Number of protein chains: 4
Amino acid sequence: MEFRDNKAIYLQIAEFICERILLKQWAVGDKIPSVRELAVQLEVNPNTVMRTFEFLQQKDIIFTKRGMGYFVADDAENKVKTFRKDDFLQNDLPVFFKNIQLLEIDFEELKGRFEEYKG
Amino acid sequence: MEFRDNKAIYLQIAEFICERILLKQWAVGDKIPSVRELAVQLEVNPNTVMRTFEFLQQKDIIFTKRGMGYFVADDAENKVKTFRKDDFLQNDLPVFFKNIQLLEIDFEELKGRFEEYKG
Amino acid sequence: MEFRDNKAIYLQIAEFICERILLKQWAVGDKIPSVRELAVQLEVNPNTVMRTFEFLQQKDIIFTKRGMGYFVADDAENKVKTFRKDDFLQNDLPVFFKNIQLLEIDFEELKGRFEEYKG
Amino acid sequence: MEFRDNKAIYLQIAEFICERILLKQWAVGDKIPSVRELAVQLEVNPNTVMRTFEFLQQKDIIFTKRGMGYFVADDAENKVKTFRKDDFLQNDLPVFFKNIQLLEIDFEELKGRFEEYKG
DNA sequence: GTGGTCTAGACCACC
DNA sequence: GTGGTCTAGACCACA
């Protein structure tokens, strides 16, 4: 997996996992791949994956059963959605609007690009 | 000046300066406040301001005359705009679209919020 | 390490590193000693080494892997050589020729001194 | 006049004056243009020219008569030549030889470029 | 362990 | 006055 440079890798992995959950590819109670497995697959240090898991566990999105691994928590999808939406509305959107104004980007143009993106 | 915690202060100062330029408050050839002056005004260490200036000079947005200070470079406004736009289109926008989809946010609703923001 | 006084230390360290690369003592992909390590070895402040690294990274001669250190970039040897040669031909050589003429130094004499220098 | 950025302007002006002397355009006893005159001509701050004069006077290359200006000192040409030659042999030449070796520049090629330069 | 950022304070050369 | 370099020491995030 390719990582952007402006955000911690462990957070990008967290997003990766959350997206799996949002897209319902991993459902409540499902076992998440092991630290080692993910580390190999994503080509990162196992410590980094471990850190992601701790981060998500602390947010009640996943939980651990000793000796068995990590699992998707109850209501994980909603939690993820709520976290992301709050973050989005409070942090991303104002910055986004500011950029649109300063860069003089037309809102209608955006719509076009969005259709393109979806397609 | 208040700084967010998730981004280096020297970069936030760089944005501050770029916005002055974008808003045409500082025009081509204008002298930028001195390192010490800005440091006092923004309540940061002079080294931090110095770092901002080095960063912006390296991007050809400002330049230095020895012993005289820093000045806004030719065509700085366009350079700033281009850098920001490129960054926005390549990095921010895809993330933004992805969020809209995953969070199931209505595009029309956004428009409303934008009008609100502008008002 | 001893430093001359008429040039910034961080630039002298940059030259030191570039020479290691030119002399093929450090090859592409090799890890460069850490900031702290070099700082101790060269008896300078870690910040000064850091500055050297930023300078060389900006010139694409070295690159960083987060949390792992700095490494010699692809094609670093050629880049170093090109930078130095350009600089030499554009700046040093004209000054050199001017001096030879003004000081009335015989070109053949130079050759002798060069043989001596090499020996 | 255009100045390089890697050397203090007042020293570049000193070289400019020394070259006039070496080229016998300004002879012993000749009056040197006034601080203001040179400052205007070279497009620099008068303080900077003043500093050059102090520097050259301290090296006995020029001298001042109160209220009359600066003049070329006795034997100035030889002094300049000696200073420059010493500097050249001790400082420039070793660096020059080192560069030639590292950059793998052929000595014969140099000769060609020199002929070109002279022509 | 690694890099990266920041502060505090000093000193220098230059204009 | 201006920028520029350096030291000392701290603290943080990341692997």
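Labels below follow one simple rule: chain letters A, B, ... track the order of the sequence lines, proteins then strands, and each chain is numbered from 1. Since this is a predicted model, take the numbers as computed values, not measurements.
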- Message: Go nucleotide by nucleotide along DNA chain E from the 5' end; which of C:E37 and B:V44 gets its closest nucleotide reached first?
- Response: C:E37

- Query: Within 45° of the six-membered ring axis of A:F83 and under 6.0 Å from that ring's centre, is NZ or CZ of A:K59 located there?
  - Reply: yes

- Message: Does the structure show a Watson-Crick or G-U wobble partner for E:dT5, both distances under 3.5 Å? Name it, or say none.
- Response: F:dA10

- Where each residue is assigned the nucleotide of DNA chain F containing its nearest heavy atom, which of A:N45 and B:R36 is assigned the position nearer the 5′ end? B:R36

- Would you mind reading off the distance between B:E43 atom CD and E:dC6 atom P, rounded to a whole angstrom? 15 Å

- Comparing B:K7 and C:K65 on DNA chain E - which has the more 5′ nearest nucleotide: C:K65

- Starting at CE of B:M50 and ending at C1' of E:dC11, how long is that distance when rounded to a whole Å? 15 Å

- Let me know the distance between OH of B:Y70 and P of F:dG1, rounded to the nearest Å. 18 Å

- Message: Please confirm whether the shortest side-chain N or O distance from C:T48 to OP1 or OP2 of F:dC6 is below 4.0 Å.
- Response: no

- Distance test, side-chain N/O of C:R66 to OP1/OP2 of E:dG3, below 4.0 Å: no

- Select from B:M68 and C:N47 the residue whose nearest nucleotide in DNA chain F is closer to the 5' end of that strand. B:M68

- In whole Å, what is the span from the CD1 atom of C:I9 to the P atom of E:dA13? 14 Å

- Message: Would you say CD of C:Q58 has more than 12 non-hydrogen atoms from neighbouring residues, nucleotides or ligands within 6.0 angstrom?
- Response: yes

- OP1, OP2 of E:dC14 versus side-chain N and O of D:R51: anything below 4.0 Å? yes

- Is there a side-chain contact between D:I62 and D:F71 (heavy atoms, below 4.5 Å)? no

- Task: Considering only NZ, NE, NH1 and NH2 on the basic side and carboxylate oxygens on the acidic side, decide whether D:R84 and D:E15 come within less than 4.0 Å.
- Result: no

- Message: Would you say the rings of A:F96 and B:F96 are close, in the sense that their centroids are separated by under 6.0 Å?
- Response: yes

- Below 4.0 angstrom from OP1 or OP2 of E:dC15, is there any side-chain N or O of D:Y10? no

- Between A:F55 (CZ) and F:dA15 (C1'), how many Å, whole number? 17 Å

- Just how far, in rounded Å, is C1' of E:dG3 from CG of C:L56? 15 Å

- Item | Rounded interatomic separation in angstrom, taking CG from B:L11 and P from E:dT5 | 7 Å

- Whole-Å distance, B:Q58 CD to F:dG4 C1', equals 17 Å

- Against the side chain of A:A8, the closest entry in E:dT5, F:dC14, F:dT2 is F:dC14

